[in-house]
K.L.:
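Quick one: the structure is below, and I'll ask about it shortly.
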Number of protein chains: 2
Amino acid sequence: MTAKAAGKTPRVDWSWLEAFQSVAEHGSLSAAARASGLSQPTLSRHISALEQTLGVTLFDRTSQGLVLAPAGLGLVEHANTMLSAANRFALHAEGQTQAIEGSVRITASDVVSAYLLPTLVAKMQTEEPRIQVEIVSSDRTGNLLQREADIALRMYQPTQQDVIAKKLGTLNIGLFASKEYIAKHGEPDTLNDFSAHRLVGYDTNHQMIEGYQHAGIRLTQNDFNVRCDNQIVTWELCKAGCGIGVMQLCVGQACDEVCALLQGQTVATLPVWLTAHAELRTSARISRVYEFISEHFVVDSRD
Amino acid sequence: MTAKAAGKTPRVDWSWLEAFQSVAEHGSLSAAARASGLSQPTLSRHISALEQTLGVTLFDRTSQGLVLAPAGLGLVEHANTMLSAANRFALHAEGQTQAIEGSVRITASDVVSAYLLPTLVAKMQTEEPRIQVEIVSSDRTGNLLQREADIALRMYQPTQQDVIAKKLGTLNIGLFASKEYIAKHGEPDTLNDFSAHRLVGYDTNHQMIEGYQHAGIRLTQNDFNVRCDNQIVTWELCKAGCGIGVMQLCVGQACDEVCALLQGQTVATLPVWLTAHAELRTSARISRVYEFISEHFVVDSRD
DNA sequence: ATCTAGCTTTTCATTTTTGAATAGATCAAA
DNA sequence: TTTGATCTATTCAAAAATGAAAAGCTAGAT
């Protein structure tokens, strides 16, 4: 008894194609399951159903996942086309929402999320109590298209197409050390003095190193005594006296435990971009949040 | 309690989008249900789920169906893109099938299906017993893309893109009348004599009228005494002595009850095109059937 | 005014699908 | 070799989706 009996061609459920796309992209049933919110057995069955219906082996099963079989190779292109269209569908639909209530997701860097957004969100809550805000704190480049967030605050000019973007201004970066640290190690007077000091910085994010370089300070990963890929933890380390750290001036200057070095000189600037998907501009509540952030986000200089 | 609660955005199931596309295209749940093989309630719920998840009214419910609401209007484009991609997916997948067994659907006109294909199919069955053949007898332009058939025999050059096509030759059309009719009414000698005779022909298909005109016979719908939109019934009417009818010469001449008029003169020719979707050429069994028809289909002249 | 035809939605018993848990398999590292 | 991590496929009880039938609704015809 063969899988594909004679007679009517069974229906191909689009859910199966969704499963195919996801598994093809993530490389395993488990990974796809984690990403899609379905369970691994479910995806397994969807793939099986698709294979049986089409009478083709789509994936080769290995012990570390499912890899596309020759027959499936040419199909991924069409599945991706479907995914893209589905994304556009969802975006366009979201844009149609006229309800002012509901939640809006904002993504921003850890520091912005922790030190700049809270007061802004609090202010917004009083003006727009029906809008719920969800902050996706992440330094990685969240893909707006994949709807990780509705609105993104970025420290660089967005390259993605289909997004609208607006430069809110720039944030000035300064150097800080805790009072305790300065009392013990003294304060560097010029940029060249830094090599004798302890630095606290990032593990992974190279942007900051480039920032230092731009300010005339040549550094490598090794010049950082304590490294951590979480910017907030880094800042707390700095406050605790572990060394010299970088921070947005407006944040650092509001902090009692630390002093700005070099007389609060700006050693680097970061542009601040507000971005959202173009389709979303017609959504009442997202548009409202967009405008609100645009007006109330505090930057060192608007331009 | 609003439908869309705060927190996580619920997943949009691609099945819902499939339902959306189908309902948007067919104009009602019932029609979409008939077309898709699902039931009305199921589609109704899919649409509802989609609307609830998106928080948008996609359709306005009327007593004669669902019409796209303003918010849904812009979405149909993306849904259609998905459908198109899904169709391509299925076609490409079908092309990957290397199994020689399975069924192949051939669509052709009523006459070709009834009088020309049977012997051909019988011959093919002896050579390829594992291939099951399904004949979709229909005069309307079956859309290959929608998989009404895998292979189509057409009486005109196909315009659809993405199909491969091959002209098999031409079929000559002649005029026939039953012996009984001729005994009673005599046989017309020239083309101009026809106005005094009874004609049997189509109700809807204007192609035939144009065919007559091309042969120098000017006719209108009213010149046909007996009309029927089924070509086979028309031919049976002709054989029963109701009047003069048209038929492929090779078919009419094999028929004892009738005589060819005008000494078997060809009054029109029809091209015969064999077509299939390009993706399907790589499917072993469809390719086999394609070649078989190409070699064995009997036409009056190959060119 | 009533009736009919066609549509959607609701109800409810049934079937199907789902996911947690489990078993089995493979690879990498200790 | 053994252990541990990571994968897929299977099992089975629970949850969800499904379709037949019924109810409700509207437009158009009688």
Side-chain angles (χ1 to χ4, degrees), chain A residues 1 3-5 8-72 76, chain B residues 1 3-5 8-72 76:
Chain A
M1 181 163 60
K4 180 170 185 176
K8 317 228 126 192
T9 307
R11 234 179 57 84
V12 171
D13 195 310
W14 284 13
S15 299
W16 304 347
L17 302 180
E18 185 177 18
F20 173 85
Q21 194 287 325
S22 188
V23 172
E25 177 171 326
H26 293 98
S28 78
L29 292 176
S30 308
R34 282 190 293 270
S36 67
L38 294 172
S39 72
Q40 173 260 326
T42 298
L43 291 179
S44 173
R45 282 181 285 241
H46 282 185
I47 299 295
S48 299
L50 187 56
E51 288 183 324
Q52 287 219 347
T53 302
L54 298 175
V56 166
T57 300
L58 264 18
F59 292 98
D60 289 324
R61 273 70 168 174
T62 77
S63 65
Q64 36 233 39
L66 273 67
V67 301
L68 278 167
V76 72
Chain B
M1 179 162 60
K4 179 169 185 176
K8 317 229 127 193
T9 306
R11 234 178 58 84
V12 171
D13 195 308
W14 283 12
S15 298
W16 304 347
L17 302 180
E18 186 177 17
F20 172 86
Q21 194 287 323
S22 189
V23 172
E25 177 172 325
H26 292 99
S28 78
L29 292 177
S30 309
R34 282 190 291 272
S36 67
L38 294 171
S39 71
Q40 273 144 333
T42 297
L43 291 179
S44 174
R45 283 181 283 243
H46 282 184
I47 299 295
S48 299
L50 188 56
E51 288 183 324
Q52 287 217 349
T53 302
L54 299 174
V56 166
T57 300
L58 264 19
F59 292 98
D60 290 323
R61 273 68 168 176
T62 76
S63 66
Q64 37 233 39
L66 274 67
V67 302
L68 278 167
V76 73

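Order of the sequence lines fixes the chain letters, A, B, ..., with proteins taken first and strands second; residue numbering starts at 1 for each chain.
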K.L.:
From CD1 of B:Ile47 over to P of D:dA17, roughly how many Å is that when rounded to an integer?
P.N.:
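Rounding to the nearest Å, CD1 of B:Ile47 and P of D:dA17 are 15 Å apart.
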
K.L.:
In whole angstrom, what separates A:His46's NE2 from D:dT8's C1'?
P.N.:
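Checked: the NE2 to C1' distance equals 16 Å.
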
K.L.:
Which two nucleotides bound the region of DNA chain C that has atoms under 4.0 Å from heavy atoms of chain A, read 5' to 3'?
P.N.:
C:dT18 to C:dC27

K.L.:
Roughly how far, to the nearest 0.5 Å, is CG of A:Leu66 from CG of A:Leu29?
P.N.:
4.5 Å

K.L.:
Is there a donor-acceptor pair under 3.5 Å between the side chain of A:Ser22 and the backbone N or O of A:Glu18?
P.N.:
no

K.L.:
Under the rule for side chain to side chain contact (heavy atoms under 4.5 Å, CB included), what residues qualify as partners of B:Gln21, not counting sequence neighbours?
P.N.:
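Expected list: A:Trp14, B:Glu25, B:Ala79, B:Asn80, B:Leu83.
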
K.L.:
Between P on D:dA17 and CZ on A:Arg11, what's the gap in Å once rounded to a whole number?
P.N.:
15 Å

K.L.:
Please state how far atom CZ in A:Phe59 lies from atom P in D:dA9, giving the value in whole angstrom units.
P.N.:
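Answer to the nearest Å: 11 Å.
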
K.L.:
Could you state the interatomic distance from OG (B:Ser15) to CG (A:Asp13), rounded to the nearest 0.5 Å?
P.N.:
3.5 Å

K.L.:
Does the protein touch nucleotides 22-30 of chain D at the base, only the backbone, or not at all? Give it as B, S and - per nucleotide, heavy atoms under 4.0 Å.
P.N.:
----SS---

K.L.:
For DNA chain C, which residues of residues 28-35 of chain A approach it to below 4.0 angstrom with any heavy atom?
P.N.:
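Those residues: none at all.
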
K.L.:
Rounded to the nearest 0.5 Å, what's the gap from CG on B:Leu58 to CH2 on B:Trp16? Could you check?
P.N.:
12.0 Å

K.L.:
Filter on salt bridge (Lys or Arg N to Asp or Glu O under 4.0 Å), then keep only pairs touching residues 37-60 of chain B, sequence neighbours left out; what's left?
P.N.:
B:Glu51-B:Arg61

K.L.:
Can you list every pair that meets side chain to side chain donor-acceptor pair (under 3.5 Å) and has a residue in residues 33-43 of chain A, with sequence neighbours left out?
P.N.:
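Passing the test, one end in residues 33-43 of chain A: A:Ser39-A:Thr42.
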
K.L.:
Can you tell me the distance, in whole Å, between the CZ atom of A:Arg45 and the P atom of D:dT11?
P.N.:
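Taking CZ of A:Arg45 and P of D:dT11, I get 11 Å after rounding.
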
K.L.:
Check the interface with nucleotides 13-15 of chain D: list each N/O to N/O pair with the protein under 3.5 Å, or write none.
P.N.:
none

K.L.:
Rounded to the Å, how far apart are A:Asp60 CG and D:dC7 P?
P.N.:
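Rounded to whole Å, this separation is 18 Å.
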
K.L.:
When you compare the side chain of A:Phe59 with that of A:Val67, does any pair of heavy atoms fall below 4.5 Å?
P.N.:
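In short, these two side chains do not touch, never coming nearer than 4.5 Å.
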
K.L.:
A:Leu58 CG to D:dT8 P: how many Å, rounded?
P.N.:
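My rounded result for the distance is 15 Å.
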
K.L.:
Restricting to side chain to side chain contact (heavy atoms under 4.5 Å, CB included), what partner residues turn up for B:Ala19, sequence neighbours left out?
P.N.:
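By the side chain to side chain contact (heavy atoms under 4.5 Å, CB included) rule, B:Ala19 matches B:Leu43, B:His46, B:Ile47.
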
